[in-house]
Amino acid sequence: FGGKVKFTREDRVRINTLLTETLLASLELSKMANETAPTDAAGASTQLIGSTPSVRKTAAQHLQDGKALAGKGDYQKAIAEYDLGLKVEPGNGLLYFNRALARERLGQVDEAIRDYDGVILLRVSPREAYFNRGTLLLNKKEYKSAISDFDAAIALDPKYEVAFYNRGLANFSLSNYFAAQADFNNLIKLQPKNANAYIMRSYVYCAQGLRMSAIKDQDIAIGLGGTVERGCK
């Protein structure tokens, strides 16, 4: 990503954890291969006589089967498929990404975050991975780490509307009102009819004591179909 994305201390810890897990998975695969390999030609011939050799699925097949299960809402079985796929190909970023999505559905937040660490490390769908991880961190109220991820997502896509919105929420939660206002301003430029953007900016104005500006935004939001109580409490 050039000089635009810098890993925080938390990022480095997660990446080191991921690298350790990947190394262990690779060692386990090597061990399995040694245990199942025939010791000589006669042994190999014996395995084939009178039986049909088993065909192992590829990582891509595990990925497709996992996605099919996730599409049916069976996220636990989908995760099991992704686990098997990663044993075949420990460096497959798509398996990490889809496993993260399934874990999100099951509320396995910390596990999903670790999977997004892998996606980012492997540079597969980094924009979405940064955004998704940032959103999970936002929900955990780890606002500074969330902002760092949204920064990275926006650096990759300067028109990433939902990243501006979520970063605005994180900045607002930290009382970074000028930064939050800038985020909602940018979102409104990209989506002039986004009622929620006007509502959130009105809250920022209220926090700054700008009551008339807040009411103006609230009126616009109501005109766009939003629901908000006029005025500042």
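Side-chain atoms are counted along with the backbone in the values below, which use heavy atoms only and exclude waters and symmetry mates. Nothing fancy with the numbering, it's 1 onward along the sequence.
Proximity of L137 to K144: side-chain heavy atoms (C-beta onward) are nowhere separated by under 4.5 Å. Side-chain contact between N185 and R201: present, with at least one pair of heavy atoms (C-beta onward) separated by less than 4.5 Å. With contacts defined as side-chain heavy-atom distances shorter than 4.5 Å, the pair R99/L86 qualifies. At a threshold of 4.5 Å between non-hydrogen side-chain atoms, the residues Y143 and L138 count as touching. Counting heavy atoms from C-beta outward, V162 and N166 have side chains that stay 4.5 Å or more apart. For the pair Q76/Q108, a side-chain contact is recorded, criterion being any heavy-atom separation below 4.5 Å from C-beta on.
Here the CZ-CG distance, from F97 to L122, works out to 13.0 Å after rounding to the nearest 0.5 Å. Rounding to the nearest 0.5 Å gives a distance of 9.5 Å between CD1 of I222 and OG of S202. Within the model, atoms CD1 of I154 and CD1 of I147 stand 10.5 Å from one another, a figure rounded to the nearest 0.5 Å. The CD atom of Q181 sits 4.5 Å away from atom OH of Y205, with the distance rounded to the nearest 0.5 Å. Distance check, rounded to the nearest 0.5 Å: CG of L95 to NZ of K87 gives 13.0 Å. Taken from CD in Q191 to CZ in F184, the straight-line distance is 12.5 Å, to the nearest 0.5 Å.
Using cut-offs of 30° and 60° for the angle between ring planes, the F131 and Y160 rings count as tilted.
Taking each heavy atom of P158 and L190 in turn, the nearest pair found is O-CD1, 4.5 Å. Considering all non-hydrogen atoms of both residues, A112 and L136 come closest at CB-CD1, 3.8 Å. Between A146 and G134, the shortest heavy-atom distance links the atoms CB-O, 3.4 Å.
Without hydrogens or angle criteria, N98 side chain to L94 main chain gives a donor-acceptor distance under 3.5 Å. Side-chain N or O atoms of N176 include none that pairs as donor or acceptor with a backbone N or O of A179 at under 3.5 Å. Y96 places no side-chain N or O within donor-acceptor distance of the main-chain N or O of D117, the cut-off being under 3.5 Å.
Between F150 and Y130, the gap from one ring centroid to the other reaches at least 6.0 Å.
I113 and L101 end up in the same hydrophobic cluster when Ile, Leu, Val, Met, Phe, Trp and Tyr side chains are linked at under 4.5 Å. No continuous path of ILVMFWY side-chain contacts below 4.5 Å connects L169 to I188, so the two sit in separate hydrophobic clusters. Linking ILVMFWY side-chain heavy atoms closer than 4.5 Å, directly or via other members, places Y203 and Y165 in a single hydrophobic cluster. In terms of hydrophobic clustering, with Ile, Leu, Val, Met, Phe, Trp and Tyr side chains grouped at heavy-atom distances under 4.5 Å, L187 and M200 are assigned to a common cluster. In this structure, L224 is not a member of the same hydrophobic cluster as I199, with clusters built from ILVMFWY side-chain heavy atoms closer than 4.5 Å.
When the side chain to side chain donor-acceptor pair (under 3.5 Å) test is applied to D183, the partners found at least two apart in sequence or on another chain are R167, N171. Contacts of R103 classified as side chain to side chain donor-acceptor pair (under 3.5 Å), with partners at least two apart in sequence or in another chain: D115. Listed by chain and number, the residues in a side chain to side chain donor-acceptor pair (under 3.5 Å) with Y116 are E104, N132 (sequence neighbours excluded). With sequence neighbours left out, D157 forms a side chain to side chain donor-acceptor pair (under 3.5 Å) with R127. Under the salt bridge (charged side-chain N to carboxylate O under 4.0 Å, His left out) criterion, R230 pairs with D219, sequence neighbours left out.
Applying the disulfide (SG to SG under 2.5 Å) rule to pairs touching residues 91-178 yields nothing, sequence neighbours excluded. Evaluation of the disulfide (SG to SG under 2.5 Å) test over residues 160-196, restricted to residues two or more places apart or in two chains, returns none. Among residues at least two apart or in separate chains, disulfide (SG to SG under 2.5 Å) pairs with a member in residues 156-232 are C206-C232. Applying the disulfide (SG to SG under 2.5 Å) test to residues at least two apart or on different chains, none of the pairs has a partner in residues 116-199.
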Sequence neighbours left out, cut at 3.5 Å: what donor-acceptor pairs do the side chains of residues 61-74 make with other protein atoms?
from	atom 1	to	atom 2	distance (Å)
Q61	OE1	T58	N	2.8
H62	ND1	E81	OE1	2.8
D65	OD2	K57	NZ	2.7

When the side chains of residues 208-215 are checked against the rest of the protein, which donor-acceptor pairs come out under 3.5 Å, sequence neighbours left out?
none

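Other members of the hydrophobic cluster containing I79, listed by chain and number, are Y75, L106; membership follows side-chain contacts under 4.5 Å among ILVMFWY residues, whether direct or relayed.
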